[in-house]
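Inspection log for the structure reproduced underneath, given as structure tokens.
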Amino acid sequence: MDRTNLLPIGQFAQASGLSVTALRHYDASGVLTPAFVDPASGYRYFRRDQLRSAQLVRALRQLDMPIERVRELLAGGAEGAASADGAEGGTEGAAATAELASALRAQIEAAERKLDVQRSVVHSLLTRLTEGAGMNHRVTLRQGTPERVLVRGETVDHHGLDPFLRTAYEEMYAVAGRGPLAFTGPAFVRSFPAVLTAYDAVANWIAEHGFTFAGPARTTFLRWTGAPDHPDNRLETAWPVTDPSAERSAPEAGAEQLGTLRGA
């Protein structure tokens, strides 16, 4: 085969900004296949016009785009869409451009959601470090009583919590006959990490006093002024527990109790 217009993998790596190891990986993954592989040495060669694809792969991977999605975009002609003359492909070029633009928008939205979660985690950790030690939570133990409650459950991430709470509150108020609700602000108060110190206080108390967890925690607004940071707000964080010693001596073995925290 005439190798006049081919670049060996080392030169191609330098020109594209991808390492030799990365090029081998993308070859094995079907993302960027060499134009020619020497059957005797196994050495890879690339065409010069493959540099555009390699540079696009590098950019998309820098955005943490999954390699499977990168492969799909390249197979759909994304390298042409990303170039200055991508519009010359007519309908196919326009479709590839639209798909690449959609993929980039989806990627940035995913990155923003991830950043929201990371920001929340950092805020939570800073709150625990700076405020947790100074907060004096009073933890009490009381016998739980049967209650009838309305429950609306769903698994959501940090980004989806606010819209979920809005819908859940509206549905539960409608069932309870007290609706409709009019929201004037976010249903999810962004200062929530401060509440985590309450969970820590109750969990530590349970562990220090030899109790065992008997179910998920719950949080109840005992007093709500309508302002998220108002000092008169009162929040109760409770955790169902069992007392191992009570199981051996009391007739109601395994009776559920609540380790309760008032405040937060």
Side-chain angles (χ1 to χ4, degrees), residues 1-126 153-164 188 193:
M1 179 180 182
D2 183 9
R3 305 179 190 178
T4 304
N5 295 319
L6 297 181
L7 293 175
I9 190 170
Q11 293 181 20
F12 191 81
Q14 291 180 343
S16 65
L18 294 171
S19 68
V20 171
T21 301
L23 288 171
R24 289 170 179 162
H25 173 63
Y26 294 142
D27 177 20
S29 303
V31 173
L32 190 59
T33 304
F36 173 70
V37 178
D38 191 308
S41 64
Y43 207 74
R44 296 170 174 83
Y45 294 84
F46 295 83
R47 297 188 311 274
R48 295 181 184 276
D49 60 11
Q50 287 183 284
L51 283 172
R52 182 181 298 163
S53 297
Q55 291 164 352
L56 179 59
V57 169
R58 181 188 177 199
L60 295 179
R61 292 296 288 158
Q62 286 177 331
L63 295 174
D64 291 329
M65 184 173 290
I67 195 168
E68 295 81 6
R69 184 58 175 142
V70 174
R71 181 171 56 243
E72 292 174 359
L73 289 171
L74 262 68
E79 73 278 5
S83 66
D85 59 353
E88 296 180 3
T91 303
E92 293 183 359
T97 299
E99 184 179 9
L100 179 58
S102 176
L104 291 174
R105 283 192 291 268
Q107 193 66 22
I108 197 64
E109 290 172 0
E112 289 173 348
R113 289 194 296 270
K114 182 178 180 180
L115 182 59
D116 282 344
V117 173
Q118 292 175 335
R119 184 181 290 113
S120 174
V121 171
V122 171
H123 187 186
S124 172
L125 292 174
L126 289 175
E154 188 170 335
T155 301
V156 297
D157 58 16
H158 175 83
H159 187 76
L161 187 54
D162 186 75
F164 163 72
F188 175 45

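- Among residue pairs with one or both ends in residues 13-37, those qualifying as side chain to side chain donor-acceptor pair (under 3.5 Å) are D27-R44; sequence neighbours excluded.
- To the nearest 0.5 Å, the span separating CG on L6 from CD on Q11 amounts to 11.0 Å.
- Residue I108 holds its CD1 atom at 5.5 Å from CD of E112, rounded to the nearest 0.5 Å.
- Atom CG of N5 sits about 10.5 Å away from atom CZ of R47, to the nearest 0.5 Å.
- With values rounded to the nearest 0.5 angstrom, D38 atom CG is found 12.5 Å from I9 atom CD1.
- The shortest distance between side-chain heavy atoms of L104 and L60 falls below 4.5 Å.
- The two atoms that bring S53 and L32 nearest to each other are CB-CD1, 3.9 Å, heavy atoms only.
- Contact of the Y45 side chain with the L7 side chain is not registered, since no non-hydrogen atoms from C-beta on lie closer than 4.5 Å.
- The stretch residues 46-72 participates, sequence neighbours left out, in these ring-ring contact (aromatic ring centres under 6.0 Å, His included) pairs: F12-F46.
- The CD atom of Q55 sits 9.0 Å away from the CZ atom of R52 when rounded to the nearest 0.5 Å.
- In this structure, the side chains of L18 and R61 stay at 4.5 Å or more apart for every pair of heavy atoms.
- Shown here are the side chain to side chain contact (heavy atoms under 4.5 Å, CB included) partners of A103, two or more places apart in sequence or in another chain: M65, R69, L73.
- Taking both residues in full, the closest heavy atoms of L74 and V31 are given as CD2-O, 3.5 Å, listed atom of the first, atom of the second, then distance.
- Within the 3.5 Å criterion, the main-chain N or O of D64 finds a donor-acceptor partner in the side chain of Q107.
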